[in-house]
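The shown structure was predicted, so the numbers you read here are calculated from the model rather than taken from an experiment.
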Amino acid sequence: MKENESVGTRKSVIIASALCILFMLTCTIGGIVFFKMQINKSDVHRQMDSYKSYDKYYVMIPSDRKSPFWESVYEYASLAGDENDAFVEMFDMNLSEEYSAAQLMRMAIEADVDGIILEADETQELTTLIDEAVERGIPVVTAMRDNTQSERQSYVGISSHNLGREYGKQVCKLAKEYEKKDGYGVDSSLTVMVLIDANAEDTSQNMIYASIQETIEEVYKGGLKIQCSAKALNSHGAFAAEEAIRDIFMGEEKLPDVIICLNEINTTCVYQAVVDYYKVGAINIIGYYDSQRILKAIERNVVYATISVDAKALGEYCIEALTEYDQMGHVSNYYSVDTTVINSKNVSEYLGGDASEE
């Protein structure tokens, strides 16, 4: 009987000791975790204290956040925002997944931002989202591509008609040069291919194309027959554009004399294809934007000319429109951004200046 009591006592002591050790371990681990949390909190507070506080929070939603053009626009918009007590964020820059403009608009609305800069299109989905944002007190400024059916506050960009005229004038200049070449006599044809985005749902590309044709008919009085055609590319992003353009070079029975590109990615891809397929001198490229790669291609006479959009003015005007609307309750419906033609005669000015990096 005493032996049983002694055994029971020993078991109780062992259990009590084990529970005591477990309690001590728990307290120790908990203390370590709590200490680390306090250190992390302290670090976060130190970081927050080092950040500047802003009165307004604006987001920018472009079609391609990785584009050097939009990176440049964002940089200038951020600087302008800083001067107007507004923090500007490229909205999906830190997101691991790719989101559509509509999805990002929904996120911006739910985040209750103070303003949205959007490269829009004419889809009903975006129209509805823009109208919802405005109804909830979030002003929307469209940039480069508009949504004319929506209640957006302002559009900042270039006129599609004027852009088409610039392209058309460059074709006319090229035609005069072709007149002097062997094999391009009177009544010879000069073929021009305009690359357009098959996925675009706005009418801006159609307006540019129509304006190119109108300008050629109005300006060119030479002897060549200029034949324009539009080529729709089912491409989204640099890789898809590269594949679509290579298909043109490998699949077309007769390549055009001139290729007009309406965006930066197509310009770069066509330039690379002309080099890869040994068509330098046989095909002239009229491109878009002034990245260092495009400018160097002009310097090497691979690209004939490019249309440069003033990214600085675009970024600054977007912030100006949001600021004016916030302060005045109204704003101009349209801010016009200038374009510049860069060719072999003036490219050195831009290579040595503020042209965007590759």
Checklist line | Minimum heavy-atom distance between Gln153 and Pro139, given as atom pair plus value | finding: OE1-CA, 3.2 Å
Notebook entry, point to check: For the atom pair OH (Tyr155) and CG (Leu118), what is the distance rounded to the nearest 0.5 Å?
Noted result: 11.5 Å
Notebook entry, point to check: Quick one: does Asp114's side chain get under 4.5 Å of Tyr58's, heavy atoms only?
Noted result: yes
Notebook entry, point to check: Under the 3.5 angstrom rule, does the side chain of Lys221 hit a backbone N or O of Glu218 as a donor-acceptor pair?
Noted result: yes
Check: What distance do Glu316 atom CD and Lys312 atom NZ have between them, rounded to the nearest 0.5 Å?
Finding: 3.5 Å
Next item on the list: Tell me, with the steps shown, if Arg65 and Glu119 meet salt bridge (Lys or Arg N to Asp or Glu O under 4.0 Å).
Entry: CA-CA 11 Å; Arg65 69 178 187 271; Glu119 185 183 9; over 6 Å; no
Next item on the list: Take atom CD of Glu243 as the centre, draw a 6.0 Å sphere, and report whether it contains more than 12 heavy atoms from other residues, nucleotides or ligands.
Entry: yes
Check: CG of Leu255 to CD1 of Ile283: how many Å apart, nearest 0.5 Å?
Finding: 4.5 Å
Note to self: Could you check whether any side-chain N or O of Asp131 sits under 3.5 Å from a backbone N or O of Thr128, counting only pairs where one atom can act as donor and the other as acceptor?
What the structure shows: no
Check: Under 4.5 Å between side-chain heavy atoms, hopping through other hydrophobics if needed: is there a path connecting Ile116 to Tyr334?
Finding: no
Checklist line | Under 3.5 Å donor-acceptor, Glu122 side chain and Thr148 backbone | finding: yes
Check: Is there a side-chain contact between Ile117 and Ile319, using heavy atoms and a 4.5 Å cut-off?
Finding: yes
Note to self: I need the Arg300 CZ to Ile298 CD1 distance, nearest 0.5 Å.
What the structure shows: 11.5 Å
Next item on the list: Answer with yes or no whether the hydrophobic clustering places Tyr277 together with Ile259; edges join I, L, V, M, F, W, Y residues whose side-chain heavy atoms lie under 4.5 Å apart.
Entry: yes
Next item on the list: Measure across Ile61 and Ala101 and return the closest heavy-atom pair with its distance rounded to 0.1 Å.
Entry: CG2-CA, 4.3 Å
Next item on the list: Decide whether Tyr54 and Asp82 meet the rule of one side-chain donor and one side-chain acceptor closer than 3.5 Å.
Entry: yes
Item checked: Donor-acceptor under 3.5 Å (Asp257 side chain, Thr191 main chain) -> yes
Next item on the list: Flag the pair Leu233 / Asn266 as yes when at least one side-chain heavy-atom distance between them is below 4.5 Å, and no otherwise.
Entry: yes
Notebook entry, point to check: Is Leu262 close to Leu195 at the side-chain level, that is, under 4.5 Å between some pair of heavy atoms?
Noted result: no
Checklist line | Same apolar cluster: Leu190 and Val219, side chain cutoff 4.5 Å | finding: no
Note to self: With heavy-atom distances below 4.5 Å as the criterion, would you say the side chains of Tyr271 and Val275 are in contact?
What the structure shows: yes
Margin query: Parallel, tilted or perpendicular: which one describes the rings of Phe69 and Tyr289, with boundaries at 30° and 60°?
Written below: perpendicular
Checklist line | Side-chain heavy-atom pair Ile226, Tyr220 within 4.5 angstrom cut-off | finding: yes
Note to self: Distance check, rounded to the nearest 0.5 Å: Ser160 atom OG versus Ile208 atom CD1?
What the structure shows: 4.5 Å
Notebook entry, point to check: Tell me, do Asp146 and Arg152 make a side-chain contact under 4.5 Å, heavy atoms counted?
Noted result: yes
Margin query: Quick check against the 3.5 Å criterion: does Ser78 have a side-chain atom that pairs as donor or acceptor with the backbone of Tyr74?
Written below: yes
Margin query: Quiz question: by atom type and distance under 3.5 Å, do the side chains of Ser291 and Glu264 form a donor-acceptor pair?
Written below: no
Checklist line | Exam field: side chain Asn301 to backbone Gly281, donor-acceptor pair closer than 3.5 Å | finding: no
Check: Does Glu110 pair with Arg106 as a salt bridge, N-O distance under 4.0 Å?
Finding: yes
Next item on the list: Could you tell me the separation between the CD1 atom of Ile216 and the NZ atom of Lys169, rounded to the nearest 0.5 Å?
Entry: 13.0 Å
Margin query: According to a hydrophobic-cluster definition based on side-chain heavy atoms being under 4.5 Å apart (Ile, Leu, Val, Met, Phe, Trp, Tyr only), do Val59 and Ile130 belong together?
Written below: yes
Item checked: Main-chain N/O of Tyr288 paired to Thr306 side chain as donor or acceptor, under 3.5 Å -> yes
Check: With under 30° as parallel and over 60° as perpendicular, where do the rings of Tyr317 and Tyr335 fit, or are they tilted in between?
Finding: tilted
Check: Is it true that Glu214 and Arg165 make a salt bridge, defined as a side-chain N closer than 4.0 Å to a carboxylate O?
Finding: no
Check: Are Ile265 and Trp70 joined in one hydrophobic group, where the rule is that I, L, V, M, F, W and Y side chains link up if heavy atoms are under 4.5 Å apart?
Finding: no
Checklist line | Minimum side-chain heavy-atom gap Met60-Val73 below 4.5 Å | finding: yes
Next item on the list: Just do the salt bridge (Lys or Arg N to Asp or Glu O under 4.0 Å) check on Glu242 and Arg246 with the steps written out, would you?
Entry: CA-CA 6 Å; Glu242 182 180 345; Arg246 287 190 182 278; 3.4 Å; yes
Notebook entry, point to check: Looking at Asn84, Asp85, Asp326, which hits side chain to side chain donor-acceptor pair (under 3.5 Å) with Lys56?
Noted result: Asp326
